[in-house]
Amino acid sequence: MAAVHSSLHMTRSLHMTSKVLRCRAHCRGTRAPLSSSGFGFGFGGFGGLNGFSYGFSARALFVVGHDGQDHELGGCGLVCSWLSSPSHVPSHVHHHLKRGRALSHHQHALRAMSSLSSLRSTRRFNQSTVRSPGAFQSRRSSSSSSSSSKTLSSLDAHGSSFASPSDFLDQNDEADTESHIPGMASSTSPSASKKLVNYADGMSDEQLKAVLAPDGAVSVKAGPGSGKTRVLAARAAHLVTNEGFMPWQVLCITFTRKAAGELRDRLKTFLGAETASRVHAGTFHSVCARILRREVENRLVLRKTGRTADFVVFDAGDSIGTMRQVLEEQMFFTPKQSLETAPKLISRLGRERSFGEMPIMRRDEVQLYVEAKNRYERALIASNAFDFDQLLSHTSMLLRDDPDALRDYRERWPHILVDEFQDTNSIQYDIVARLAGARSTTAADVGMEGGKKNDVRASSLFVVGDTDQAIYGWRGANVENMRVNLSRDFPAVESLHLSANYRSTPQVVRAASGVLSGQSRGNLQQSRANFSIRAHRPSGLPVHVGSFDDDVTEADAISREAMWLAEHRGVSYSDMAVLYRTNRQARSLEAAMASRGVPHIVVGSTSFFQKKEVKDVLSYLRLASNPHDTSSFARVLNVPPRGLGPKALDEVKKLAAKRGMSAASMVLAFDGAAWEPKGELAEAVGARVAKGIRDFRDIVQSVAESANRGDDASDVVRLAIDRSGFRDWLLPDVGTSKGKKMSKDKLDENMKRWSNLDNLVDVARGVQAAVLDDDDFLREDVSGDADENGGSNTLADFLERIAVFADDSQDADEKDDQAVRLMTLHSAKGLEFDVVFLCGMNEGLLPHAISLNDDDGIRSKEMRVNEERNLAFVGITRAKSMLYLTHHKTSSASRFEGSDALPSRFLDDALRGLKEVGVGDDDTWFLYQ
DNA sequence: AACGAAGGGGTTTTT
DNA sequence: CCCCTTCGTT
Ligand SMILES: Nc1ncnc2c1ncn2[C@@H]1O[C@H](COP(=O)(O)OP(=O)(O)OP(=O)(O)O)[C@@H](O)[C@H]1O
């Protein structure tokens, strides 16, 4: 162990590179024909995933207007004056405080959960490390006075004299009621209770000040666990409860769907389920998709983009597929050189998922790239599709170029609240800045034309964030939005700070601060606020550090510990999380947990909706909804196999191109349309293929009919599955008797797939319910033109929801209540857990090797490494009570990890301000505090 | 056209 | 070690 320890202190050099490669940025600037597409939206970019599109779109965004039309702020300047302390809460707030008293059991549990504090300082530590598993089983004592007299007989988590789970993880006084039920995981379903909690309950002065800040632009910069999200939710509640706004006049923008869900849960406790569901809460992408769905046929600037209200949202896979296809086509039309370069580009696309990431150096490649980009955009138009980036860029364009639209949306959302603002990209910033009347975006401002009076005030903007938690720079996020752009564009912005961390024990906070203190000097200055952060909770358990030979041993130790905590300390599995850098790391963890019988669930990118068979079935629905969806068409024309291989697809495409229509719509009209030149297609492809095409057409048509009839989504899904013959394909035994040759493995896999499809029917029901439930969004109450598209677009709405707003939480919410959460650091953002295992803390993994390479021409190494640091910071600060940091030397999972990986520099930094205070009883964990 | 076997190539994070 | 592509066989 001594060796491990000393290795933690190896000196490391941060190669600070002042060289920021301008090459690519320059290329972008010069060759990007911003409006060359002829549709006025040339800044959309590819694939939606990269720095590229944001990179050069930013150029376009801020050249607008300098007439400096002022944005009136506030009007409520007095509000915060009566708020210097909670006792000065105005009477109507008091009223709610009183109402809030009558808490249900459930809410007690809720409050207990959300405020698990830390170990009482009266506890004494000693060095005994004897584990006494049985001792914990005793009934809990119900008052803080009795528990405060207990002593902790170990520095280790395994000490023996705890009386209850809550005593173990600790709690504050609020939690010290009768709410210490072992099943703590139920905290996120407040629906059981009808009693409301007052939003001001238990808030600090500075939090309340933020909640009640006057209209205008407000920016709350504060560290992790300081209550930013809580403040944001409380402000939304405040606006509705006390400021007279209708719930749908408040737009809350979060970063992930999960975050939106959590926000809504909090709102429910403040406002009740009914009112809370009327508040508009979504991600940037989901909000933009809603706007476009509504506006794309109504506003001239959007009509020019050639989509209809039935447009489909292309996900990453669709975008990649389209790009590939574009490049393949292009090989026939470009100089010979391209024949060599294009396959290279294509193969890179498979990995890197965007053109933006590719270092392009040669002139012919540049040519190819520009051409491909234009073709790609045309392909999206032909498919009646927007990709992820375009959802944002087109919304931005709408607000920039259509003053009426800008006015309408300002009117619709007098208040816009944005969480995790440090991770907004330039276009997202532009969207909210326009709505909020930013100085540099007011040129196209509202109401000045046609003699109309400008009677609509810009939306008030309220943003919260933490620049030290910026982890999406690789995707185009720009911390400068929070750091400087906001005060540049909103000179009267009120900047607020929250100084206490309510989430974590001082031990955890200290470790987190240590990580930041290791930053390079420039960044250090900027994040000063975060390592002087004050832990509100009393002292807790030491940070546990483990070092292991390989990832399997590491995973096993974590599993063992999780089980021990669950069985002997009463910690619910669902209150534990294992966080890691790469999805791949989930494998060994899953295996270890499975073999020990630790219930677990992998949260994240292997989403249910990403599964092949699920996407296949949904493609049928997509075609039914939007017959131009070439991506879906190519995907399922021959799935399940019906004799329509690559050749057939090719023929169909050729003929479609000749007729100037999309392949999908041609096939769907096969034999059916008056203009269809009889027999031309059949002749081109041959009789057998023609039959396959007719079959395919019939399937899609029956699905479309079902949808148009207004059948439930789950019925439409079931029909698609049945008609397309997935069952006979996956499980041939059932239908025909040709199942002899299928191997056992294959059969197992197919059965899994089939059960996924079975699930899809149920999941569809849930998704549709969610659409109906909280998506009256752009349907009612705006200019009185309710439901103008209503009905006909419901399948599109359903599919949009899945594309833009779906994760696997459908599963997670219900049946995995008692399971350890495994997820990447990125997906853990904004969440919190009693116990956090941050694993794989070695050089090469965290920071990831790819961030340690020399400058890649896009972002400097320093920037990338600092983002990795932020990632470690985010991970550590997810922990409420217990933090485990682990490292492994070798990994079977990757042949790129060396055989003796050093512990992460961030592990080093985290422990720098702590002292080693003991060793666990089995020599697995080393304790620091 | 369909399916299985062999080979080659790759570091990551996600709305 | 895993995924994807390509090649070869039925
Ligand atoms: N005044 C308070 N008293 C007690 N607990 C609080 C208070 N404010 C916030 N908390 C709790 O602290 C925890 C962190 O709050 P929240 O998630 O809002 O922080 P955050 O600033 O958004 O964190 P992060 O940036 O890490 O996502 C939550 O459990 C919340 O309930």
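Just so it is clear: chains get the letters A, B, ... in the order the sequence lines come, proteins before strands, and each one is counted from 1. All values below were derived from every heavy atom in this structure, side-chain atoms included, with hydrogens, water molecules and symmetry-related copies excluded.
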Of the listed dT12(B), dC3(C), dT14(B), the closest approach to the Arg587(A) side chain comes from dC3(C)
Q. Thinking salt bridges, do Lys752(A) and Asp748(A) make one under a 4.0 Å N-O criterion?
A. no
From CG of Leu637(A) across to P of dA2(B) the rounded distance in Å is 10 Å
Tyr472(A) OH to dT12(B) P, in whole Å, measures 16 Å
Look at all strands and tell whether Arg688(A) reaches a base, only sugar-phosphate, or nothing, counting heavy atoms closer than 4.0 Å. nothing
Tyr580(A) OH to dT14(B) C1', in whole Å, measures 14 Å
In whole angstroms, the gap separating P of dT14(B) from CZ of Arg475(A) amounts to 9 Å
- Query: Checking all strands, does Phe284(A) fall into the base, sugar-phosphate, or nothing category for heavy-atom contacts under 4.0 angstrom?
  - Reply: nothing
- Return no unless some side-chain N or O of Arg864(A) is found under 4.0 Å from OP1 or OP2 of dT11(B). no
Please determine whether a side-chain nitrogen or oxygen atom of Asn583(A) lies at a distance below 4.0 Å from atom OP1 or OP2 of dT12(B). no
- Task: Determine: side-chain N/O of Ser851(A) to OP1/OP2 of dT12(B), distance under 4.0 Å, yes or no.
- Result: no
Rounded to whole Å, CG of Asn842(A) lies from C1' of dT12(B) at a distance of 14 Å
Checklist line | C1' atoms of dT6(C) and dT11(B), separation to the nearest Å | finding: 24 Å
Between Glu867(A) and Arg864(A), is there a side-chain heavy-atom distance shorter than 4.5 Å? no
- Would you check if there is a donor-acceptor pair between the side chains of Asn756(A) and Glu613(A) at a distance under 3.5 Å? yes
Below 3.5 Å is the cut-off: list the nitrogen or oxygen pairs between protein and nucleotides 4-6 of chain C, distance only.
unit_1, atom_1, unit_2, atom_2, d
dT5(C), OP1, Arg324(A), NH1, 3.0

Checking dG10(B), dA2(B), dG4(B) against the side chain of Pro641(A) (C-beta onward), the nearest is dA2(B)
Does a side-chain N-to-carboxylate-O contact under 4.0 Å join Arg434(A) and Asp430(A)? yes
Check: Is there a side-chain polar atom (N or O) of Thr824(A) under 4.0 Å from OP1 or OP2 of dT14(B)?
Finding: yes
Rounded to whole Å, CD1 of Ile471(A) lies from P of dT12(B) at a distance of 17 Å
Is the positively charged end of Arg642(A) above the ring of Phe696(A), judged by distance under 6.0 angstrom from the centroid and angle within 45° of the axis?
no
With a 4.0 Å cut-off on N to O distance, would you call Asp797(A) and Arg290(A) a salt bridge? yes
Here the distance between atom P of dC3(C) and atom NZ of Lys611(A), to the nearest Å, is 12 Å
Residues passing the side-chain hydrogen bond (donor to acceptor under 3.5 Å, both in side chains) test with Asp423(A), sequence neighbours excluded, are Lys829(A)
When you check the phosphate oxygens OP1 and OP2 of dT11(B), does a side-chain N or O of Asn853(A) lie under 4.0 Å from one of them? no
Between Leu644(A) and Thr254(A), the residue closer to the 5' end of DNA chain B by nearest nucleotide is Leu644(A)
Checking dC3(B), dT14(B), dT12(B) against the side chain of His826(A) (C-beta onward), the nearest is dT14(B)
Whole-Å distance, Phe609(A) CZ to dT14(B) P, equals 17 Å
**Message:** Could you check whether any side-chain heavy atom of Lys258(A) comes within less than 4.5 Å of a side-chain heavy atom of Leu831(A), counting everything from C-beta outward?
**Reply:** yes
Per atom distances to the Ser827(A) side chain, the nearest of dT14(B), dT12(B), dC3(B) is dT14(B)
For dT12(B), is there a stacking contact with Trp474(A), counting only centres under 5.5 Å and planes under 30°? no
Taking dA1(B), dT11(B), dT13(B) as options, the one with an atom nearest any side-chain atom of Thr582(A) is dT13(B)
Sequence neighbours excluded, the answer for ring-ring contact (aromatic ring centres under 6.0 Å, His included) partners of His826(A) is Tyr472(A), Trp474(A)
### Message
Taking dC4(C) as the reference, what is the distance to dT13(B) when you measure between their P atoms (whole Å, please)?
### Response
14 Å
